[in-house]
2 protein chains.
Amino acid sequence: MDPFLKLQKSLRSTKHSLTTPRRAVFEALRGQEPLTIHQLVARCPNIDRATVYRVVALFERLGIVQRLQTGWKYRLELTGEFHEHHHHATCLRCGSAINLPEDAALEARLYALAKRHHFRIERHQIEVQGFCDSCSAVRT
Amino acid sequence: MDPFLKLQKSLRSTKHSLTTPRRAVFEALRGQEPLTIHQLVARCPNIDRATVYRVVALFERLGIVQRLQTGWKYRLELTGEFHEHHHHATCLRCGSAINLPEDAALEARLYALAKRHHFRIERHQIEVQGFCDSCSAVRT
DNA sequence: TACTTTTTTGCAAATCTGTCGCAATTTGTA
DNA sequence: TACAAATTGCGACAGATTTGCAAAAAAGTA
């Protein structure tokens, strides 16, 4: 389903409207990499900083956006519903970030683990740090 | 090995001393759940906010502490070396954070996935959001 | 369409967070 | 104990995030 329609639907069903600022934030986040709030504000021209914060808060509440801790500062990105779900692997040596695709069996185990602890998962993120192919070689 | 001795060793080997503030921060973080910086400061009586920030920065550099994104604000906790490794589940409704224990099979799958992508994992974190037992009930 | 009601937004002010310089205090060492 | 180096507390600050409120935009209704 088209992410845009999904956004509309998600807003409608919670009695919110699809306004210009909300559309702008959504578009800005559709790019490849997760953005810092600073970058996000920069990519939403003519939209007040306070409004961007308010839209992000709304989107987080609706499960449209999630924040990740990448090193020092957090970054924002669309959740799996609006963006292909994947995991993030960051190289400790060169700093590059690659995406690891979803793995159904892995997710299944995670859900089972949570269930054993009476927790119902709605979303999840997996972050790994290590060495990418080329840096693995260099590091000996 | 006793976590405390480990801390001493870690500090010594990098020419840092085990001072009162550092001991206090370490103790505060040994509790069950990860703490927000605000909670951490509150649990270190008579220790200046700036000092707590400085200790946390030092501990992060030494790999003693790591920061997690649990919902809205980040939280701090001891790394696997000083604390048993586990995953975090944050309730979207009440905001509480619980720990899910390590699951060997799950980790194995994650490592295998990374290996298929030529990435060598050194560390990882898994964060899940959803509803805790009591909030699951309320939400119906 | 014209009018009313409800949501959103922009702006400015207020509040938090995290950082920095520096003098005073504590720790390590001989 | 005395000296040198490391660490802390305090006050001041820059940047991040939130809030109140009036204006603007969107939704609902006749």
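Naming: A, B, ... by sequence-line order, numbering from 1 per chain.
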>> Both B:T19 and B:I37 contact DNA chain C. Taking the nearest nucleotide for each, which residue is further toward the 5' end?
In response: B:I37
> Taking for each residue the nucleotide of DNA chain C with the nearest heavy atom, is it B:T20 or A:K15 whose nucleotide lies nearer the 5' end?
Replying inline: A:K15
> Would you call A:T90 and B:F119 a side-chain contact if the rule is heavy atoms closer than 4.5 Å?
Replying inline: no
For atom [atom1] of [X] and atom [atom2] of [N], their distance in whole Å:
X     : N      : atom1 : atom2 : value
A:L58 : D:dT17 : CG    : C1'   : 17 Å
B:Y74 : D:dA16 : OH    : P     : 14 Å
B:F59 : D:dT7  : CZ    : P     : 11 Å
B:R12 : D:dA6  : CZ    : P     : 16 Å
B:K73 : D:dT17 : NZ    : P     : 12 Å
A:D48 : D:dT18 : CG    : C1'   : 12 Å

>> Under 4.0 Å, counting only non-hydrogen atoms across every strand here, what does A:H38 touch: a base, just sugar-phosphate, or nothing?
In response: nothing
> With a non-hydrogen cut-off below 4.0 angstrom, is B:R54 in contact with a base, only sugar-phosphate, or nothing?
Replying inline: base
Counting neighbours of [atom1] on [X] that are heavy atoms of other residues, nucleotides or ligands and sit closer than 6.0 Å, is the number greater than 12?
X      : atom1 : answer
A:K6   : NZ    : yes
B:H38  : NE2   : no
A:R123 : CZ    : yes
A:R12  : CZ    : no

> If you walk 5' to 3' along DNA chain C, what is the first nucleotide with an atom under 4.0 Å of a heavy atom in chain A, and what is the last?
Replying inline: C:dT8 to C:dC11
> How are the rings of A:H87 and A:H124 set to each other: parallel, tilted or perpendicular (split at 30° and 60°)?
Replying inline: tilted
> Does a side-chain N or O from B:T51 land closer than 4.0 Å to OP1 or OP2 of D:dT7, or not?
Replying inline: no
Without placing hydrogens or testing angles, list every side-chain donor-acceptor pair under 3.5 Å for residues 99-106 of chain A, not counting sequence neighbours.
residue, atom, partner, partner atom, Å
A:E102, OE1, A:H85, ND1, 2.7
A:D103, OD1, A:A105, N, 3.1
A:D103, OD1, A:L106, N, 2.8
A:D103, OD2, B:R116, NH2, 3.1

> How do B:R49 and B:S17 order along DNA chain D: which one's closest nucleotide is nearer the 5' end?
Replying inline: B:S17
